[in-house]
S.K.: 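Mind looking over this structure? Questions follow.
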Amino acid sequence: ALLEQLADKGDGVCNYVDDETEARRALVERFTGAFEPIARDVKIQVEFDPLQVQRYRLLGYENRAIADRDFRNDAVDAGEVNAGHQVVALYELSGLPSASADGPAIPMATVRLRFKPPHTAGIADIETEVASEIEHPVAWKDAAASFAATSAGYRGSVLAAQFAEFLRRSQHARSDSLDELLAEARKLAGEARDQDVTEFA
């Protein structure tokens with residue numbers, strides 16, 4: 001717990017090493033990527049249209065939450081993204097109104113990403129302290145028709161988040177099936193042929 005807190009506060013990486021294979025993965029295979037930032041102070045903001053999404057819940061990131069008013073405040077520290085890493089934010093939506101196949105003209109959500117470039121040769125200068133911001137609308141028509149129709153990466157993220165909900169005895173997982181989760185994890189492991197997914201299953 002202490003090492004995780006130190007990594008979190010120091011923009012570092014924390015790995016749980018329980019055998020030789022995991023030690024090789026953390027200290028050899030993924031070592032370089034852990035120390036090559038490609039973006040600093042990365043902030044993600046998702047704004048839902050209240051007429052289309054009545055309720056939502058972000059899964060995880062409790063220790064990374066910042067106030068909405070601080071999204072464009074570049075003095076507020078945020079997370080780093082390193083080479084070869086990806087970030088997934090999962091939202092559970094509920095109380096949705098019915099939407100047509102094309103969806104309304106207004107996006108159901110707008111995703112904003114704000115970040116600073118990495119320091120040049122590890123040294124801060126005026127250029128690397130200027131944040132960039134990009135915005136992307138999300139429409140209902142862009143949604144996958146089913147869970148099976150989504151990418152393997154997305155399904156893996158959802159299954160890991162669902163397992164975390166079981167482990168923390170979340171009230172949101174009380175009526176869910178652990179057997180169904182296991183079946184989906186095994187199915188994905190056979191399809192993805194990825195060591196992390198196989199280990200998860």
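Just so we're clear, the structure is a prediction, and the values are computed from it rather than from any experiment. The figures that follow rest on heavy atoms only: side chains count, while hydrogens, waters and symmetry mates do not.
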S.K.: What pairs of residues pass the ring-ring contact (aromatic ring centres under 6.0 Å, His included) test when at least one of them lies in residues 171-201, not counting sequence neighbours?
M.R.: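 Applying ring-ring contact (aromatic ring centres under 6.0 Å, His included) to every pair that reaches into residues 171-201, excluding sequence neighbours, yields Phe163-Phe200.
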
S.K.: Quick one: do Arg40 and Glu129 satisfy side chain to side chain contact (heavy atoms under 4.5 Å, CB included)? Show the steps, please.
M.R.: CA-CA 9 Å; Arg40 297 180 302 112; Glu129 294 308 304; 3.0 Å; yes

S.K.: When you measure from the side chain of Asn15 to the backbone N and O of Val17, does any donor-acceptor pair fall under 3.5 Å?
M.R.: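 Side chain of Asn15 to backbone of Val17, a donor-acceptor pair under 3.5 Å: no, none is there.
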
S.K.: Just checking Tyr154: does its OH atom have more than 12 heavy atoms from other residues, nucleotides or ligands closer to it than 6.0 angstrom?
M.R.: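 No, because the 6.0 Å sphere around OH of Tyr154 holds 12 heavy atoms or fewer from other groups.
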
S.K.: Step by step, work out the salt bridge (Lys or Arg N to Asp or Glu O under 4.0 Å) result for Glu191 and Arg155.
M.R.: CA-CA 11 Å; Glu191 175 190 329; Arg155 281 179 278 148; 2.9 Å; yes

S.K.: Determine whether Val88 and Leu93 fall in the same hydrophobic cluster, where Ile, Leu, Val, Met, Phe, Trp and Tyr are linked whenever their side-chain heavy atoms lie under 4.5 Å apart.
M.R.: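 Looking at the clustering, Leu93 is in a separate group from Val88.
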
S.K.: So, for Pro117 and Val130, which heavy atoms are closest and what is the spacing to 0.1 Å?
M.R.: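 It is CD-O, 3.5 Å.
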
S.K.: Apply side chain to side chain contact (heavy atoms under 4.5 Å, CB included) to residues Asp196 and Arg25 and explain how you reach the verdict.
M.R.: CA-CA 11 Å; Asp196 289 340; Arg25 190 183 304 177; 2.8 Å; yes

S.K.: Is it true that, when you exclude Tyr56 itself, more than 12 heavy atoms of the residues, nucleotides or ligands shown sit nearer than 6.0 Å to its OH?
M.R.: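 Count not over threshold, so no.
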
S.K.: Might you work through the salt bridge (Lys or Arg N to Asp or Glu O under 4.0 Å) test for Arg24 and Glu29, ending with a clear yes or no?
M.R.: CA-CA 7 Å; Arg24 172 169 292 280; Glu29 296 167 11; 5.5 Å; no

S.K.: Between Leu2 and Leu6, is a side chain to side chain contact (heavy atoms under 4.5 Å, CB included) present by the stated rule, with each step listed?
M.R.: CA-CA 6 Å; Leu2 174 61; Leu6 289 172; 4.2 Å; yes

S.K.: How close do Gln195 and Thr21 get, heavy atom to heavy atom, and via which atoms?
M.R.: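 Where Gln195 meets Thr21 most closely, the heavy atoms are NE2-CG2, 3.8 Å.
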
S.K.: What is the minimum heavy-atom distance between Ala161 and Leu59, and which atoms define it?
M.R.: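 Smallest heavy-atom distance, with atoms named: CB-CD2, 4.0 Å.
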
S.K.: Is the shortest heavy-atom distance from the side chain of Pro37 to the side chain of Asn82 under 4.5 Å?
M.R.: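 Of all side-chain heavy-atom pairs linking Asn82 with Pro37, at least one is under 4.5 Å.
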
S.K.: Look up atom CG in Leu113 and atom CD1 in Ile134, then write down how far apart they are to the nearest 0.5 Å.
M.R.: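 Answer for the CG-CD1 pair, Leu113 versus Ile134, is 4.5 Å.
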
S.K.: Are side-chain heavy atoms of Thr110 and Glu135 found at a separation under 4.5 Å?
M.R.: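 Counting from C-beta outward, Thr110 and Glu135 do come under 4.5 Å.
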
S.K.: State the CE-NZ distance between Met108 and Lys141, to the nearest 0.5 angstrom.
M.R.: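 Between atom CE of Met108 and atom NZ of Lys141 there are 12.5 Å.
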
S.K.: Does a side-chain heavy-atom distance below 4.5 Å link Leu58 with Leu90?
M.R.: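 The answer is no, as the side chains (C-beta and beyond) never meet within the 4.5 Å cut-off.
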
S.K.: Looking at side-chain heavy atoms only, is the closest gap between Val87 and Val81 below 4.5 Å?
M.R.: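 Yes, side chains in contact.
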
S.K.: To the nearest 0.5 angstrom, please state how far the CD atom of Glu4 sits from the SG atom of Cys14.
M.R.: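 Result: 6.0 Å between the selected atoms.
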
S.K.: Verify the distance criterion only: is there a donor paired with an acceptor across the side chains of Gln162 and Asp176 at less than 3.5 Å?
M.R.: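 Yes, Asp176 and Gln162 have a side-chain donor paired with an acceptor closer than 3.5 Å.
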
S.K.: Give the cluster check for Leu167 versus Leu159: same hydrophobic cluster or not, with ILVMFWY residues linked at side-chain heavy-atom distances below 4.5 Å.
M.R.: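 Yes: a chain of side-chain contacts under 4.5 Å links Leu167 to Leu159.
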
S.K.: Under the 3.5 angstrom rule, does the side chain of Lys43 hit a backbone N or O of Ile66 as a donor-acceptor pair?
M.R.: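 Answer holds: no.
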
S.K.: For atom CZ of Arg69, decide whether the heavy atoms of other residues, nucleotides or ligands shown that lie under 6.0 angstrom number more than 12.
M.R.: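 Check fails, neighbour count at 12 or below.
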
S.K.: With rounding to the nearest 0.5 Å, note down the distance linking CZ in Arg57 to OG in Ser94.
M.R.: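 If I round to the nearest 0.5 Å, the distance is 9.0 Å.
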
S.K.: Please assess Glu133 against Phe115 for the test side chain to side chain contact (heavy atoms under 4.5 Å, CB included), listing each intermediate value before the final yes or no.
M.R.: CA-CA 7 Å; Glu133 184 175 325; Phe115 59 94; over 6 Å; no

S.K.: Do Phe71 and Phe48 sit in the same hydrophobic cluster, where Ile, Leu, Val, Met, Phe, Trp and Tyr count as joined when their side-chain heavy atoms come under 4.5 Å apart?
M.R.: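 Looking at the clustering, Phe48 is in a separate group from Phe71.
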
S.K.: Return the CZ to CZ distance between Arg114 and Arg72, rounded to the nearest 0.5 Å.
M.R.: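 Result: 6.5 Å between the selected atoms.
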
S.K.: Tell me whether Tyr91 is reachable from Tyr61 by hopping between hydrophobic residues (I, L, V, M, F, W, Y) whose side-chain heavy atoms are closer than 4.5 Å.
M.R.: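 Linked, Tyr61 and Tyr91 end up in one cluster.
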
S.K.: If the condition is salt bridge (Lys or Arg N to Asp or Glu O under 4.0 Å), which residues does Arg174 pass it with, not counting sequence neighbours?
M.R.: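 Per chain and number, Arg174 pairs via salt bridge (Lys or Arg N to Asp or Glu O under 4.0 Å) with no residue.
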
S.K.: Under 3.5 Å, side chain of Ser170 to main-chain N/O of Phe166, donor-acceptor pair present?
M.R.: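 No; judged by distance alone, with no hydrogens or angles, the pair does not exist.
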
S.K.: Would you find a donor on one side and an acceptor on the other, under 3.5 Å apart, between the side chain of Asp70 and the backbone of Asn73?
M.R.: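 No: the side chain of Asp70 does not pair with the backbone of Asn73.
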
S.K.: Say whether Leu3 and Tyr16 are linked into one hydrophobic cluster, either directly or through other cluster members, by side-chain heavy-atom distances under 4.5 angstrom.
M.R.: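 Different clusters: Leu3 never reaches Tyr16 through Ile, Leu, Val, Met, Phe, Trp or Tyr contacts under 4.5 Å.
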
S.K.: Keeping Glu80 on the side-chain end and Val42 on the backbone end, is there a donor-acceptor pair under 3.5 Å?
M.R.: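 Side chain of Glu80 to backbone of Val42, a donor-acceptor pair under 3.5 Å: no, none is there.
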
S.K.: Restricting to non-hydrogen atoms, name the atom on Pro107 and the atom on Pro137 that form the minimum distance, rounded to 0.1 Å.
M.R.: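 Distance-wise, the nearest heavy atoms are CG-CB, 3.6 Å.
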
S.K.: Working to the nearest 0.5 Å, report the span between CD of Gln52 and CH2 of Trp140.
M.R.: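 Atom-to-atom, Gln52:CD and Trp140:CH2 are 7.0 Å apart.
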
